[in-house]
Number of protein chains: 2
Amino acid sequence: MQTAAQASDRIFDALADPSRRALFESLARGEAAVKDLTARFDISQPAVSQHLATLRRAGLVNGRREGRLVYYRVEPKGLRPLVDWLTYHRVFWTEHLDRLQALLANMGDA
Amino acid sequence: MQTAAQASDRIFDALADPSRRALFESLARGEAAVKDLTARFDISQPAVSQHLATLRRAGLVNGRREGRLVYYRVEPKGLRPLVDWLTYHRVFWTEHLDRLQALLANMGDA
DNA sequence: TCAATACATAAGTGCCCACTTATGTATTGT
DNA sequence: ACAATACATAAGTGGGCACTTATGTATTGA
């Protein structure tokens with residue numbers, strides 16, 4: 001079992017690093033292979049792989065191998081613990097957050 | 001001026017630290033003086049003050065002096081850049097889903 | 001089977017930051 | 001004015017982590 005607190009712990013930690021957030025945001029626009037990401041950013045390939053591993057452990061992305069390439073993409077349910085954290089602190093909600101939760105509720109069944 | 005990206009940068013960084021998140025969560029239940037927070041957590045008073053300063057720079061809390069005490073509380077609008085960040089990326093994902101659905105619909109016709 | 005490509009992992013390193021103790025500043029009470 | 005309390009800031013330190021280079025593992029094609 002794994003608590004929501006532990007999950008949001010790893011998510012906050014994963015998204016705290018600017019490079020990782022940039023990688024995540026890049027993947028949010030569409031899946032990409034490690035090779036592509038390495039070309040986009042000015043860090044070494046191992047650095048990219050290490051960041052991707054951290055994002056994957058946080059449940060934010062997943063990867064699938066296809067031949068020599070490994071394509072990564074965002075995990076749709078990944079950000080849910082973050083939304084839950086915001087909701088728990090009944091923070092300030094706005095119609096934005098309500099709509100976001102509705103979307104997550106629809107997708108969360110996968 | 002200050003961009004939303006820069007704001008969410010500081011918010012992610014501020015909330016990445018477990019001690020700071022614990023302080024924020026404690027303040028979310030009600031305002032408290034530095035003295036109270038120092039009593040609640042097992043870290044020194046300077047550590048508490050430093051964390052509060054980081055949270056304040058991130059726009060997550062504010063403090064008001066009342067005599068010798070300084071009472072901190074959460075800043076209601078503080079988490080909004082985080083909500084905006086979530087919403088922004090969720091938009092991209094839903095666009096992808098829409099395209100996927102369109103693609104599946106076309107395949108069904110074939 | 002051998003070379004080349006793509007990626008992951010190992011190993012090493014420098015820097016940042018989360019703590020500490022020490023000290024400064026503000027406020028209150030006597 | 002002086003002592004005591006509450007907090008902020010300064011200064012120093014150890015550990016972690018975000019990089020690097022080096023190497024290992026898969027996969028492909030010739």
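Quantities reported herein were computed from a predicted structural model and do not represent experimental measurements.
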Rounded to the nearest Å, what distance is computed from the [atom1] atom of residue [X] to the [atom2] atom of nucleotide [N]?
{"X": "A:R57", "N": "C:dT9", "atom1": "CZ", "atom2": "C1'", "answer": "12 Å"}
{"X": "A:L37", "N": "C:dA8", "atom1": "CG", "atom2": "P", "answer": "10 Å"}
{"X": "A:R65", "N": "D:dT28", "atom1": "CZ", "atom2": "C1'", "answer": "11 Å"}
{"X": "B:D42", "N": "C:dT20", "atom1": "CG", "atom2": "C1'", "answer": "13 Å"}
{"X": "B:Y71", "N": "D:dA8", "atom1": "OH", "atom2": "C1'", "answer": "17 Å"}
{"X": "A:E66", "N": "D:dT28", "atom1": "CD", "atom2": "P", "answer": "10 Å"}
{"X": "A:R68", "N": "C:dT5", "atom1": "CZ", "atom2": "P", "answer": "8 Å"}
{"X": "B:L52", "N": "C:dA18", "atom1": "CG", "atom2": "P", "answer": "14 Å"}

Exercise. Is any NZ, NE, NH1 or NH2 atom of the basic residue among A:R80 and A:D84 found under 4.0 Å from an Asp or Glu carboxylate oxygen of the other?
Worked result: yes
Exercise. Given that both distances must come in under 3.5 Å, which nucleotide forms a Watson-Crick or G-U wobble pair with C:dT13?
Worked result: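 Paired with C:dT13, as far as the under-3.5 Å criterion goes, is D:dA18.
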Problem set entry | Opposite nucleotide pairing with C:dT23, Watson-Crick or G-U, both atom distances under 3.5 Å | D:dA8
Exercise. Taking OP1 and OP2 of D:dC19, is either one under 4.0 Å from a side-chain nitrogen or oxygen of A:H51?
Worked result: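 For D:dC19, OP1/OP2 do have a side-chain N/O of A:H51 under 4.0 Å.
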Exercise. Can a side chain N or O of A:Y72 be found less than 4.0 Å away from OP1 or OP2 on C:dA6?
Worked result: no
Exercise. Looking only at heavy atoms, what is the nearest atom pair of A:L37 and A:S26, with distance?
Worked result: CD2-OG, 4.0 Å
Exercise. If you take all heavy atoms of B:A32 and B:L27, which pair is closest and at what distance?
Worked result: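 B:A32 and B:L27 have their closest heavy atoms at N-CD2, 3.8 Å.
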For this session: Specify the residues of residues 11-22 of chain A, ordered by number, for which at least one heavy atom lies under 4.0 angstrom from an atom of DNA chain C.
Result: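 Under 4.0 Å from DNA chain C: no residue of residues 11-22 of chain A.
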Could you give the side-chain donor-acceptor pairs of residues 56-63 of chain B under 3.5 Å, partners two or more places apart or in another chain?
{"residue": "B:R57", "atom": "NH2", "partner": "B:T54", "partner atom": "OG1", "Å": "3.3"}
{"residue": "B:N62", "atom": "ND2", "partner": "B:E75", "partner atom": "OE1", "Å": "2.3"}

Exercise. Reckon B:A53 touches a base, only the sugar-phosphate, or nothing at all at heavy-atom distances under 4.0 Å?
Worked result: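 No contact.
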Problem set entry | Residue A:L69, side-chain heavy atoms: nucleotide from C:dA4, C:dC7, D:dA6 that is nearest |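 Of C:dA4, C:dC7, D:dA6, C:dC7 is nearest to the side chain of A:L69.
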For this session: Measure from the side-chain heavy atoms of A:V70 and tell me the nearest of D:dC19, C:dA18, C:dC7.
Result: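 The closest nucleotide is C:dC7.
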Tell me every residue that passes side chain to side chain donor-acceptor pair (under 3.5 Å) with [X], counting only those two or more places apart in sequence or in another chain.
{"X": "B:R29", "result": "none"}
{"X": "B:D9", "result": "A:R21"}
{"X": "A:S49", "result": "A:Q45"}

Exercise. Is any side-chain heavy atom of B:L82 closer than 4.5 Å to a side-chain heavy atom of B:L15?
Worked result: yes
Exercise. Shared ILVMFWY cluster between B:L55 and B:Y71, side chains joined below 4.5 angstrom?
Worked result: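 No.
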Problem set entry | Side chain A:R20, main chain A:A14, donor-acceptor under 3.5 Å | yes
For this session: With a 4.0 Å heavy-atom cut-off, tell me which residues in residues 43-50 of chain B come close to DNA chain D, sorted by residue number.
Result: B:Q45, B:P46, B:S49, B:Q50
